[in-house]
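Structure record follows, encoded as structure tokens.
Convention: sequence-line order gives letters A, B, ...; per-chain numbering from 1.
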There are 2 protein chains.
Amino acid sequence: MNYTIGQVAKINHLSISQLRYYDNQGLFPFLKRTEKGDRVFDEDALKFLEIILCLKNTGMPIKDIKQFVDWSMTGEDTLPQRLEMMKQQEIKVLHQIRDTEENLTKIQQKIARLEREMKK
Amino acid sequence: MNYTIGQVAKINHLSISQLRYYDNQGLFPFLKRTEKGDRVFDEDALKFLEIILCLKNTGMPIKDIKQFVDWSMTGEDTLPQRLEMMKQQEIKVLHQIRDTEENLTKIQQKIARLEREMKK
DNA sequence: ATACAACCTAAACCTAAGTTGAGGTCAAGG
DNA sequence: CCTTGACCTCAACTTAGGTTTAGGTTGTAT
């Protein structure tokens, strides 16, 4: 099954211009085009997009994602680099979660304090 | 105990210019100054900074934080608004954590796939 | 035929969150 | 004295991550 840019945007809750911007930044080197020039996302492209968004949503800058994408296109030689990058990202995300949980606790304490103040 | 901007920067792992920028954005209306004009952070300021950073680190934009700070300076009339804002933020952070955990899982699956590919 | 919807490009524009640089004040130490 | 370090202001600059605009093509429905 193939998808247009508009469909992909809806599926992933992105804007069309965002997808075009990512393409221009080199994040979709695997994208095909129709004869008239429209971008075509196939199932593989959607699969790949998923991991790209995953990296983006955990705070990886676009140029680093591009590095990963470029490595992915070069073949098996770069498997070690890609693995290393994902492991680094895993560590980063684990820290993110811990930090965010700490901040959650602080916010909840603030809520409790505010509620106590309001009752007085 | 009082602290200079440099000390506060070190304690909280921020740059001095970041702290000055926040002050210019109106995030520190409670800040005192020495006669020569240097910013003085007292214990209360540090306490307040902690909650400000907590909001900032969970993705709240500076102008929203300023709203919260402004409310905090006005007295008890704004307790309900502040409470509501913190509750909204709590919800946002809970979602953040869930989303990040999902992304973590995907990254870990990617790691597993890459490791399988490398063994072949 | 024509109008509309969905796609395209290239370039300009925008916003948030800072950083940098020039020029200045003050206190302490050698 | 004078230099060094830590602070100050104000304005200009930067960067990332987009959005917007203007102008153009194509396919389908009226």
Side-chain angles (χ1 to χ4, degrees), chain A residues 1-42 45-46 49 51-70 89 92 96 99 103, chain B residues 1-42 45-46 49 51-70 89 92 96 99 103:
Chain A
M1 183 65 169
N2 284 346
Y3 301 84
T4 66
I5 196 172
Q7 292 171 327
V8 175
K10 282 209 172 159
I11 292 168
N12 295 286
H13 311 286
L14 299 168
S15 69
I16 289 177
S17 53
Q18 226 174 333
L19 283 167
R20 289 207 268 248
Y21 172 73
Y22 295 160
D23 191 17
N24 290 335
Q25 298 308 304
L27 261 43
F28 305 156
F30 46 77
L31 263 203
K32 316 244 175 308
R33 299 281 187 137
T34 64
E35 282 148 44
K36 78 168 275 212
D38 293 10
R39 290 170 181 83
V40 177
F41 293 75
D42 59 19
L46 283 196
L49 179 55
I51 183 78
I52 288 172
L53 291 180
C54 181
L55 296 175
K56 187 213 142 211
N57 292 330
T58 52
M60 187 181 286
I62 284 180
K63 57 180 174 179
D64 293 8
I65 300 178
K66 177 167 167 39
Q67 176 66 270
F68 178 79
V69 170
D70 288 348
Q89 192 64 7
K92 238 187 70 180
Q96 264 176 39
D99 291 354
N103 284 325
Chain B
M1 182 63 171
N2 283 347
Y3 302 83
T4 66
I5 196 172
Q7 292 170 327
V8 175
K10 282 208 174 162
I11 292 168
N12 294 285
H13 310 287
L14 299 168
S15 68
I16 289 178
S17 54
Q18 228 174 332
L19 282 168
R20 289 208 267 249
Y21 172 73
Y22 295 159
D23 191 18
N24 290 336
Q25 298 308 302
L27 261 43
F28 305 155
F30 46 77
L31 263 204
K32 317 243 175 308
R33 300 279 188 139
T34 64
E35 284 148 42
K36 76 167 274 213
D38 294 10
R39 290 170 182 83
V40 177
F41 293 75
D42 60 17
L46 284 195
L49 179 55
I51 182 77
I52 288 173
L53 291 181
C54 181
L55 297 175
K56 188 214 142 212
N57 291 330
T58 53
M60 187 180 285
I62 284 179
K63 58 180 174 180
D64 293 7
I65 300 177
K66 175 167 167 42
Q67 176 66 269
F68 179 80
V69 170
D70 288 348
Q89 192 66 6
K92 237 187 71 180
Q96 263 175 41
D99 291 354
N103 284 324

OP1 or OP2 of D:dC8 sitting under 4.0 Å from any side-chain N/O of B:Arg39?
yes

Per A:Lys36 side chain, nearest of listed nucleotides D:dG18, D:dC7, C:dC7:
C:dC7

Starting at atom CD1 of B:Ile52, determine the distance to atom C1' of C:dA17, rounded to an integer number of angstrom.
16 Å

So, is A:Tyr22 near the phosphate of D:dG18, with a side-chain N or O under 4.0 Å from OP1 or OP2?
yes

A:Asn57 CG to D:dG18 C1', in whole Å, measures 15 Å

Which comes earlier along DNA chain D counting from the 5' end, the contact point of B:Ile16 or that of A:Ser17, where each point is its nearest nucleotide?
B:Ile16

With a 4.5 Å cut-off on side-chain heavy atoms, are B:Tyr3 and B:Leu46 touching?
yes

May I have the distance from B:Lys10 (atom NZ) to D:dG5 (atom P), rounded to whole angstrom?
13 Å

Output all residues satisfying side chain to side chain donor-acceptor pair (under 3.5 Å) with A:Gln67, sequence neighbours left out; order by chain, then residue number.
A:Trp71

Value for CZ (A:Arg20) from CG (A:Leu14), rounded to nearest 0.5 Å, stands at 13.0 Å

Verify side chain to side chain contact (heavy atoms under 4.5 Å, CB included) between B:Ile62 and B:Tyr21, making sure each step is shown before the conclusion.
CA-CA 10 Å; B:Ile62 284 179; B:Tyr21 172 73; 3.5 Å; yes

In whole angstrom, give the distance that lies between atom CZ of A:Arg20 and atom C1' of D:dA22.
13 Å

Identify which nucleotide among C:dG18, D:dC8, C:dC7 has an atom closest to any side-chain atom of A:Asp38, counting heavy atoms from C-beta outward.
C:dC7

According to the side-chain hydrogen bond (donor to acceptor under 3.5 Å, both in side chains) rule, which pairs have a member within residues 27-41 of chain A, sequence neighbours left out?
A:Asp23-A:Arg39

Per atom distances to the B:Ile5 side chain, the nearest of D:dC7, C:dG18, D:dG18 is D:dC7

Round to the nearest Å and state the distance from B:Phe41 atom CZ to D:dA6 atom P.
17 Å

Contacting residues from residues 23-34 of chain A, given that a heavy atom lies under 4.0 angstrom of DNA chain D:
none

Separation of A:Gln96 CD from B:Asn103 CG (nearest 0.5 Å):
9.0 Å

When you measure from the side chain of A:Tyr21, which nucleotide among D:dG18, D:dC7, C:dG18 comes out closest?
D:dG18

According to a strict under-4.0 Å criterion, is A:Ser15 in side-chain N/O contact with OP1 or OP2 of D:dT19?
yes

Can you check whether A:Leu49 reaches A:Phe28 side chain to side chain, under 4.5 Å on heavy atoms?
yes

CD of A:Glu35 versus P of D:dT26: gap in Å, rounded?
11 Å

What residues in residues 58-68 of chain B put a non-hydrogen atom under 4.0 Å from any atom of DNA chain D?
none

Please state how far atom CG in A:Leu19 lies from atom P in C:dT9, giving the value in whole angstrom units.
13 Å

What is the separation between atom CG on B:Leu14 and atom C1' on C:dA17, rounded to the nearest whole Å?
13 Å

Qualifying residues under side chain to side chain donor-acceptor pair (under 3.5 Å), relative to B:Gln89, sequence neighbours excluded:
B:Thr58

Side chain to side chain contact (heavy atoms under 4.5 Å, CB included) between B:Val8 and B:Leu19, worked out:
CA-CA 9 Å; B:Val8 175; B:Leu19 282 168; 3.9 Å; yes

Only pairs at least two apart or in different chains count here, so list each salt bridge (charged side-chain N to carboxylate O under 4.0 Å, His left out) that has a residue in residues 55-67 of chain A.
A:Lys66-A:Asp70

